[in-house]
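Since the structure is predicted, the reported quantities are computational estimates derived from the model, not experimental observations. The figures here come from the full heavy-atom set of this structure, side chains too, leaving out hydrogens, waters and symmetry mates.
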Amino acid sequence: MLEGAKLIGAGAATIALAGAAVGIGNVFSSLIHSVARNPSLAKQLFGYAILGFALTEAIALFALMMAFLISFVF
Amino acid sequence: MFNVFKTIGNWIGSVFNNFRRIFRKDENSLHSSSSDTTSTLSNTNATVNESLKDLSNLQENGIGGEAYKDVLDIAEIVPSPLEQFSILPLIPMKIGNLYFSFTNPSLFMLLTLSLVLLFVHFVTKKGGGNSVPNAWQSLVELIYDFVPNLVNEQIGGLSGNVKQKFFPCISVTFTFSLFRNLQGMIPYSFTVTSHFLITLGLSFSLFIGITIVGFQKNGLHFLSFSLPAGVPLPLAPFLVLLELIPHCFRALSLGIRLFANMMAGHSSVKILSGSAWTMLCMNDLFYFIGDPGPLFIVLALTGLELGVAISQAHVSTISICIYLNDATNLH
């Protein structure tokens with residue numbers, strides 16, 4: 001019973017990844033938009049995009065961390 | 001036809017089992033005969049067939065099941081992917097109620113410290129290296145040049161001399177997280193930054209330092225960071241609260257971001273490589289053919305982790321610079 005509840009909880013914790021997926025998609029779609037408008041800035045914008053990607057991905061990993069904690073620690 | 005496949009699969013499996021037993025460390029299994037292993041395997045197959053008939057009980061057929069445990073035993077996989085983060089005292093030391101043991105994190109910290117120092121020492125030997133740098137010297141120059149660029153870009157409104165004062169601290173933080181993250185990617189090594197004790201200790205001490213710098217630079221005006229200019233007075237109490245909470249949360253998020261990236265990345269690599277290894281040890285040709293799938297995913301994930309290791313060092317350094325900028329210039 002507890003095992004099953006833990007698995008359900010860990011699975012539910014990964015729902016948060018939907019938000020992170022939207023965020024990462026948003027970062028790179030904005031990058032493509034901006035490069036299409038001004039290709040000469042491509043290099044600088046790519047740096048910003050990677051920074052934004054890393055920050056968004058960190059949020060996704062918080063959710064993954066919760067899933068790990070639920071399934072392995074408790 | 002199917003039997004032929006099955007026989008080939010069993011044969012390949014037993015070859016792998018023999019390899020595995022050669023590399024295995026405990027004496028007992030080294031001396032056990034191969035027929036023993038084969039009988040265990042046929043037992044496993046029998047258990048799998050039996051449990052396929054009765055799918056009613058999770059405890060019998062799921063994670064708690066006999067067959068699953070047998071497979072884990074064969075593949076020698078510890079069920080928890082968090083096993084790799086355990087801290088072991090190498091030289092136990094105990095003073096009163098405090099533990100000052102020399103643990104594996106301390107060992108790996110010392111290892112990276114000496115590595116970085118040796119690296120810098122050999123490149124800058126005899127008064128500053130060559131005017132045309134070789135590969136190692138360019139690498140060190142790349143790492144060194146990276147930080148002042150960040151400091152100059154992110155911290156504004158100060159003269160070069162003042163910025164110069166912050167440079168050593170930020171540079172050391174950058175090299176610390178960079179080399180620790182990268183060193184954690186070496187198989188069988190220990191990732192120091194995957195413990196939030198260490199990353200939080202780093203970020204909290206930096207946060208305290210940044211606050212001290214802010215008070216030094218602005219005096220009591222530093223407190224005005226919590227109230228943007230031109231706010232109507234009735235709103236002030238709420239706004240102070242609203243600004244204060246995110247400000248304190250920065251210290252937490254700086255450490256947790258680095259820790260979560262390292263921990264989650266290493267755990268997922270471990271889980272996927274465990275799945276690849278279990279498939280290899282299943283003694284079945286179809287699993288053997290399908291095995292490159294998880295194997296390539298593991299390879300791709302390792303590449304991603306290398307990228308994440310570098311980008312997280314970059315990101316945490318940028319965040320520190322931004323916080324420092326906020327503290328010195330106010331907004």
Review point. How many angstroms lie between atom CZ of Phe62(A) and atom CG of Asn261(B), to the nearest 0.5 angstrom?
Key: 8.0 Å
Review point. Take atom OH in Tyr99(B); do more than 12 heavy atoms of anything else shown fall under 6.0 Å from it?
Key: no
Revision key, fill the gap. When rounded to the nearest 0.5 Å, the distance separating OG of Ser253(B) from CD1 of Ile59(A) is 8.0 Å
Practice item. Evaluate whether atom CZ of Phe146(B) has more than 12 neighbouring non-hydrogen atoms of other residues, nucleotides or ligands under 6.0 angstrom away. Key: yes
Exercise for review: Using a cut-off of 6.0 Å, state whether more than 12 heavy atoms not belonging to Phe249(B) lie near its atom CZ.
Suggested key: no
Point to revise | Closest non-hydrogen atom pair, Ala58(A) against Arg257(B) | key: CB-CG, 3.2 Å
Check your understanding: Is it the case that more than 12 heavy atoms not belonging to Phe108(B) sit under 6.0 Å from its CZ atom?
Key -> yes
Review point. Could you go step by step and tell me if Leu61(A) and Met263(B) meet the side chain to side chain contact (heavy atoms under 4.5 Å, CB included) rule?
Key: CA-CA 9 Å; Leu61(A) 291 172; Met263(B) 209 273 294; over 6 Å; no
Study note, to complete from the structure: dist Ser311(B):OG -> Leu51(A):CG (nearest 0.5 Å) comes out at 9.0 Å
Practice item. Could you tell me whether Leu306(B) atom CG has more than 12 heavy atoms of other residues or ligands within 6.0 Å of it? Key: yes
Check your understanding: Where does Leu258(B) contact chain A at under 4.5 Å (heavy atoms): side chain, backbone, both or neither?
Key -> neither
